[in-house]
There are 2 protein chains.
Amino acid sequence: MARRLLRKSIPGIIDVARLAGVSPATVSRYSNQPDVVRYETRKRIESAIEELGYVPNGAARSLNMGASGTIGLIVPTIDNAIFAELAQAFSTALFRHSRTMLIAAHGYDLTRESVLVESLIEHRVDALAVVGLKHEEPTFEILSKRDIPAVMLWNYRERQPFPCIGVDNREVGRVATEHLIELGHRDILFLFAGMRGNDRAVDRRSGALSAMAAAGIDVPRARRAISPYDVQAAKELAVKALTATPRPTAIFSGNDVIALGVLFAAMSLGIRIPDDLSVIGIGDFRGSSAVEPGLTTVRIPARRIGRRGAEILIEMLDWPVAETRHDERLPVEVLLRGSTAQI
Amino acid sequence: MARRLLRKSIPGIIDVARLAGVSPATVSRYSNQPDVVRYETRKRIESAIEELGYVPNGAARSLNMGASGTIGLIVPTIDNAIFAELAQAFSTALFRHSRTMLIAAHGYDLTRESVLVESLIEHRVDALAVVGLKHEEPTFEILSKRDIPAVMLWNYRERQPFPCIGVDNREVGRVATEHLIELGHRDILFLFAGMRGNDRAVDRRSGALSAMAAAGIDVPRARRAISPYDVQAAKELAVKALTATPRPTAIFSGNDVIALGVLFAAMSLGIRIPDDLSVIGIGDFRGSSAVEPGLTTVRIPARRIGRRGAEILIEMLDWPVAETRHDERLPVEVLLRGSTAQI
DNA sequence: AATGCCTCTGCAAACGTTTTCATCGAACAT
DNA sequence: ATGTTCGATGAAAACGTTTGCAGAGGCATT
């Protein structure tokens, strides 16, 4: 961090007090409980604040109060349609309750996560949300040592060390697969998302494969692949798979980005969708409904997860004694659009 | 904000000092300039910290030092491919210099912006980056009153109150349009992005129209429309425009999202791209190269803008005396892909 | 007039760091 | 033996708020 800065000295509560002819205590009361200050005094303070351009020092306040008004969010990356939606909703919900979001990204490297947690704790976040259920030991340890209110977003499962708000990604993988099976598909190519440090992808995969097993359909190794989170890369992968024979009749895509790549691959090869090939995605990213044909996908309510996560944390802060668990399992649904059809 | 929380009392520097049998001053020195502390003492402090799970209190440090190690970023919204990329790069660059990003979004409502600035200043950000050149008076006022190092990202122009790092969006609009003109197009439909609180869109529009004027081509009102930032909405708009006669031979899209909508509209109508219609976008969002056919677009280096913005702010913090202006105009280039062709 | 209550305000002690200055030994040169 | 320098540490004063406690004055009740 920087050395001590000697900048134009910023006006503090004492300057305001002096100018308004009152004590600092009164100014403080003015900004925290205005109604206890006499009208006339209030006016004087107001104009003093106006004149000096006074903005209270959050660090001092935070030091005194033991709460910073800041809540942390740790995501794999911001630069991803779906986490961006989540973060935006989270931030908006916090703003509504006059708190601020401190966001940090670890780039799917869970070992870096505990460093971020520590950094956020150093900034004295009042509460913390993380994406996913899987975390390294230090992360859990530091969190419980401090007993900072924390939630895990995105993935839902029972009996977790912290409340979860999200969907059951095994269910997500399952319903997507079942949809294809119901349409009569037997030869399905599975393009899973990368699974390093990504328990959502792991769960989807396990849900998908168990649905196949339940239907008694074998999934040979050649029908399982892992695609990066990138339209172009997924497209190339799909092109390769679609030019080999025999060609699958359907493709399960671990997320909508991969599904888009598949769609474009099919277009470039002149394969008609859904006549020659069914494609299903996961996520319902913005734009997935607009692509031609519309992408059938499993909707994951990212915004709602973000909003509820924020609200629940605030609730935990405001009623710290409440012994209720705050888990929330959100429903998933298959959005039927044009990219899947009966075989 | 919350009332005073009475939580498990968190260990402070004094607890560490007591446990290690030294004074708080020594512990402080340990974490700031470890080399001045005797090896043996250092070891004792280390194990005390370990045992207590001590994490320094940023608020106290910030209060004392007058610097928080936090840098603010204000964007219209996080939930937008391009700003997410920017924010991610910004955050990463800050992290590399051990600072943290505090991000806030105003949803294209510039009047809300000054509230956010104030909130960030209350959190004592050491510096601030905002997107765009156009801001309400209070925003500028509060910033210059405090003389907090600030930069304006995304849009570049000379003689601005704060350093700009970005591209000249008039140039962006111009080169996109010139590309279409060079290909022989005369009847071009312009789908601009919404311009409320969005000076980037305003500039692109003005660049585009002036390029047309320079080429002596008239653009009737019916060939100018404004599209929301949404694939589906842009698609509907484009469908309407493409079913009317006469049909334009090319469409200028204010950004890649709109361009995607146009592409899908054309597909759904059986209009061949680029044979029957040329489409150009702006931004080079991820995935724009993978769509079929590849989208010709004007590349805007969002990541680089984010990274440079962060680096420049840090530079301004570390050498506050340097009188050099830190503006940076980044180059733009037309990426030729499959969606445009000679008429 | 004395008493009590209420409203508004001030005093001063925290909160957890960093940093200047001073102190104390030890090592070293004279 | 005496002075000098150096390295390692401690004491204490900030930094800018919030808040419990108490005091001052006004008003109503006895």
Side-chain angles (χ1 to χ4, degrees), chain A residues 1-7 9-45 48-49 52-69 121-124 126 146, chain B residues 1-7 9-45 48-49 52-69 121-124 126 146:
Chain A
M1 198 152 73
R3 64 186 166 294
R4 189 183 290 260
L5 316 173
L6 35 122
R7 187 180 296 158
S9 79
I10 21 190
I13 202 173
I14 310 191
D15 305 294
V16 175
R18 189 166 27 221
L19 183 58
V22 298
S23 81
T26 305
V27 178
S28 169
R29 275 186 281 258
Y30 165 82
S31 44
N32 295 317
Q33 342 161 22
D35 30 319
V36 312
V37 180
R38 190 157 49 111
Y39 176 80
E40 187 188 324
T41 316
R42 221 156 33 185
K43 280 301 162 198
R44 286 214 313 280
I45 296 178
I49 287 181
L52 295 174
Y54 165 71
V55 178
N57 183 330
R61 151 182 283 230
S62 160
L63 178 57
N64 186 289
M65 306 247 294
S68 65
I121 286 188
E122 181 163 343
H123 283 285
R124 286 301 186 269
D126 298 334
R146 295 267 170 166
Chain B
M1 201 152 74
R3 63 185 168 294
R4 190 184 289 261
L5 315 174
L6 36 122
R7 188 180 295 158
S9 79
I10 26 190
I13 202 174
I14 310 191
D15 305 295
V16 175
R18 188 166 27 219
L19 184 57
V22 296
S23 80
T26 305
V27 178
S28 170
R29 275 186 281 258
Y30 165 81
S31 42
N32 296 317
Q33 343 162 25
D35 31 319
V36 311
V37 180
R38 191 158 50 110
Y39 176 80
E40 187 189 322
T41 317
R42 219 156 33 184
K43 281 299 162 202
R44 286 215 312 282
I45 296 178
I49 287 182
L52 294 174
Y54 165 73
V55 178
N57 183 330
R61 150 182 283 230
S62 159
L63 179 58
N64 186 290
M65 308 246 294
S68 64
I121 287 188
E122 182 163 342
H123 283 284
R124 286 300 184 269
D126 298 334
R146 295 269 168 161

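- Residues B/Gly21 and A/Asn57 both approach DNA chain D. Their nearest nucleotides, taken by heavy-atom distance, put B/Gly21 toward the 5′ side.
- A 4.5 Å side-chain heavy-atom check between B/Val16 and B/Tyr30 finds every atom pair outside the cut-off.
- Side chain of A/Val22, nearest nucleotide from D/dT18, C/dC15, C/dG10: C/dG10.
- The backbone N or O of B/Val37 sits nowhere less than 3.5 Å from a side-chain atom of B/Arg29 that would complete a donor-acceptor pair.
- Listed here is the closest heavy atom pair of A/Ala59 and B/Ser62: CB-OG, 3.4 Å.
- Within residues 25-39 of chain B, the residues that have a heavy atom under 4.0 Å from DNA chain C are, in order of number, B/Ala25, B/Ser28, B/Arg29, B/Asn32.
- Scanning both residues, B/Gly21 and B/Arg44, for their nearest heavy atoms gives O-NH2, 3.9 Å.
- Side-chain atoms of A/Arg146 come within 3.5 Å of backbone atoms of B/Gly53 as a donor-acceptor pair (strictly under, hydrogens ignored).
- Between A/Ile14 atom CD1 and D/dT18 atom P the separation is 12 Å, expressed in whole Å.
- The distance between atom CG of A/Asn64 and atom P of D/dA14, rounded to the nearest whole Å, is 19 Å.
- Contact detail for A/Ser68 and B/His123: the closest heavy-atom pair is O-CE1, 3.6 Å.
- Spacing between atom CZ of B/Arg61 and atom C1' of D/dT17 amounts to 20 Å, rounded to whole angstrom units.
- To the nearest angstrom, P of C/dG16 lies 10 Å from OH of B/Tyr54.
- Atoms CD (B/Glu40) and P (D/dG7) sit 18 Å apart, rounded to a whole Å.
- The separation between B/Ile13 atom CD1 and D/dA12 atom C1' is 14 Å, rounded to whole Å.
- For the pair A/His123 NE2 and C/dT17 P, the interatomic distance rounds to 14 Å; values are reported in whole Å.
- Residues in residues 10-22 of chain B take part in these salt bridge (charged side-chain N to carboxylate O under 4.0 Å, His left out) pairs, two or more places apart or across chains: B/Asp15-B/Arg18.
- Straight-line distance from the CZ atom of A/Arg18 to the C1' atom of D/dG16: 13 Å, rounded to whole Å.
- The side chain of B/Ser23 lies closest to D/dG10 when the candidates are C/dT18, C/dG10, D/dG10.
- B/Arg124 places no side-chain N or O within donor-acceptor distance of the main-chain N or O of A/Ala60, the cut-off being under 3.5 Å.
- Note on the helix from C/dA1-D/dT30 to C/dT30-D/dA1: angle between the axes of the first and last five pairs equals 50°, rounded to 10 degrees.
- When all heavy atoms of B/Ala48 and B/Ala20 are compared, the closest pair comes out as CB-CB, 4.0 Å.
- The B/Ala60 side chain lies nearest to C/dT17 when the options are C/dC15, D/dT19, C/dT17.
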